[in-house]
Amino acid sequence: MDLGLRGRRALITGGSKGIGKAIAFELAGEGANLALCARGNEALQATAAELREKTGVAVFAKTADVTDAKGICAFVEKAASRLGGLDILVNNAGSALPGTFEEVDEERWRADLDVKLFAAMRCVRAALPCLKQSDQARIININSIVGRQSAPEYIANSTDRAACLGFNKVLSDNLAPYGILVNSINPGNVKSEAWGSTLDYFAPDEALEAYYQQVSGETPLGRVAEADEIAAVVAFLASKRASYITGASIDVDGGLVRYI
């Protein structure tokens, strides 16, 4: 199946590791050129070099903090210049903040909201002029199932992810007149490097693989997702095959959440 992504230009935040890296390889495998940002330069440049070597696509990689509005604007401007425009924005940066109401103080909660909701808003604002010029523009927000089904031990994360889902839906209405499609992907438990804070909170004495086994037992499919299973949905939503999907919120969780 031709997804129509060859030569398309995709910007991915948090693109050096985990789900972001898997998305980068999936889109590059379809022929898309890439702009990646992350906070850690060593891992970012290593991922960029690996992508260039294995896929042959153009890759622009620069450190940027999604909580820094000026820095994000500079990165997006440079990325668009290097790639000749932008067609796809993947808002992927952000990790889980576990804790109950009494355990999460206001400062940490504000920081979590900033990196999840306001960072996505900054990236959209910066990329919007380029996306308006694309004939296949896509915004894909990597969210979480805890925004759909509340998790008591993730009160900040659940609240902030729910806000992101609201933003995703209303933004799709706002940008529909420009032909820009906006969708959310909500992963469940996924193998990645982003489990540090969760493991420290829920199972500080367990190895990561042991924790994977624990959460696998709570999932109908009986396993934790691979990052490339999330990336495959991103590629579909970015493709010409998804031309009539906008405002959607798609769970990729192995059946973990039970709402109807």
Can you list every salt bridge (Lys or Arg N to Asp or Glu O under 4.0 Å) pair that touches residues 3-17, not counting sequence neighbours?
-> Arg8-Asp87, Arg8-Asp135, Arg9-Asp87
Side-chain donor/acceptor of Asn157 to backbone N/O of Ala96, under 3.5 Å | no
Is it the case that more than 12 heavy atoms not belonging to Arg108 sit under 6.0 Å from its CZ atom?
-> yes
Any sub-3.5 Å donor-acceptor pair from Thr219's side-chain atoms to Leu221's backbone N or O?
-> no
For residues Asp112 and Val104, determine if any side-chain heavy atom of one lies less than 4.5 Å from a side-chain heavy atom of the other.
-> no
How about Ile12 and Val234: do any of their side-chain heavy atoms sit closer than 4.5 Å?
-> no
So, do Asp160 and Leu97 sit near enough that their side-chain heavy atoms are less than 4.5 Å apart?
-> no
Using salt bridge (charged side-chain N to carboxylate O under 4.0 Å, His left out) as the criterion, list what pairs up with Lys169, not counting sequence neighbours.
-> none
Are there more than 12 heavy atoms of other residues, nucleotides or ligands under 6.0 Å from atom OH of Tyr259?
-> yes
Name the atoms and distances for all side-chain donor-acceptor pairs under 3.5 Å in residues 44-51, with sequence neighbours left out.
residue, atom, partner, partner atom, Å
Gln45, NE2, Asn41, OD1, 3.1
Gln45, NE2, Ala61, O, 3.2
Thr47, OG1, Ser16, O, 2.7
Thr47, OG1, Ala43, O, 3.1
Glu50, OE1, Lys21, NZ, 3.2
Glu50, OE2, Lys54, NZ, 2.8

Please answer whether the main-chain N or O of Gly18 pairs with a side-chain N or O of Lys191 as donor and acceptor at a distance below 3.5 Å.
-> no
Using modelled atom types only, decide if a donor and an acceptor are shared between the side chain of Ser81 and the backbone of Glu77 within a distance under 3.5 Å.
-> no
Identify, with sequence neighbours excluded, every residue that meets salt bridge (charged side-chain N to carboxylate O under 4.0 Å, His left out) alongside Asp253.
-> none
Which value, rounded to the nearest 0.5 Å, describes the distance between Lys78 atom NZ and Cys73 atom SG?
-> 15.5 Å
Would you check if the side chain of Ser158 reaches a backbone N or O of Ser150 as a donor-acceptor pair within less than 3.5 Å?
-> no
Summary of salt bridge (Lys or Arg N to Asp or Glu O under 4.0 Å) pairs that have at least one residue in residues 138-151, sequence neighbours excluded = Arg148-Asp251
Contacts of type salt bridge (charged side-chain N to carboxylate O under 4.0 Å, His left out), residue Arg223, not counting sequence neighbours | Glu229
Distance-only, no hydrogens or angles: does the Asn143 side chain make a donor-acceptor pair with backbone N or O of Arg161 under 3.5 Å?
-> yes
Which other residues belong to the hydrophobic cluster containing Leu171, where Ile, Leu, Val, Met, Phe, Trp and Tyr are joined when side-chain heavy atoms lie under 4.5 Å apart, directly or via other members?
-> Leu11, Phe60, Val66, Ile72, Phe75, Val76, Leu83, Leu86, Leu89, Leu113, Val115, Leu117, Phe118, Met121, Val124, Leu128, Leu131, Ile139, Phe167, Leu175, Tyr178, Ile180, Val182
Hey, is the main chain of Asn92 close enough, under 3.5 Å, to the side chain of Thr13 for a donor-acceptor pair?
-> yes
Only counting residues at least two apart or in another chain, list the ones meeting side-chain hydrogen bond (donor to acceptor under 3.5 Å, both in side chains) with Asp68.
-> none
Apply side-chain hydrogen bond (donor to acceptor under 3.5 Å, both in side chains) to Thr67 and list each qualifying residue two or more places apart in sequence or on a separate chain.
-> Asp65
So, Asn183 side chain and Ala248 main chain: donor-acceptor pair closer than 3.5 Å or not?
-> yes
Pairs meeting criterion side chain to side chain donor-acceptor pair (under 3.5 Å) with involvement of residues 25-39, two or more places apart = none
Does Arg82 have any salt bridge (charged side-chain N to carboxylate O under 4.0 Å, His left out) partners at least two apart in sequence or in another chain, and if so, which?
-> none
Residues that Asp173 engages under side-chain hydrogen bond (donor to acceptor under 3.5 Å, both in side chains), provided they are two or more places apart = none
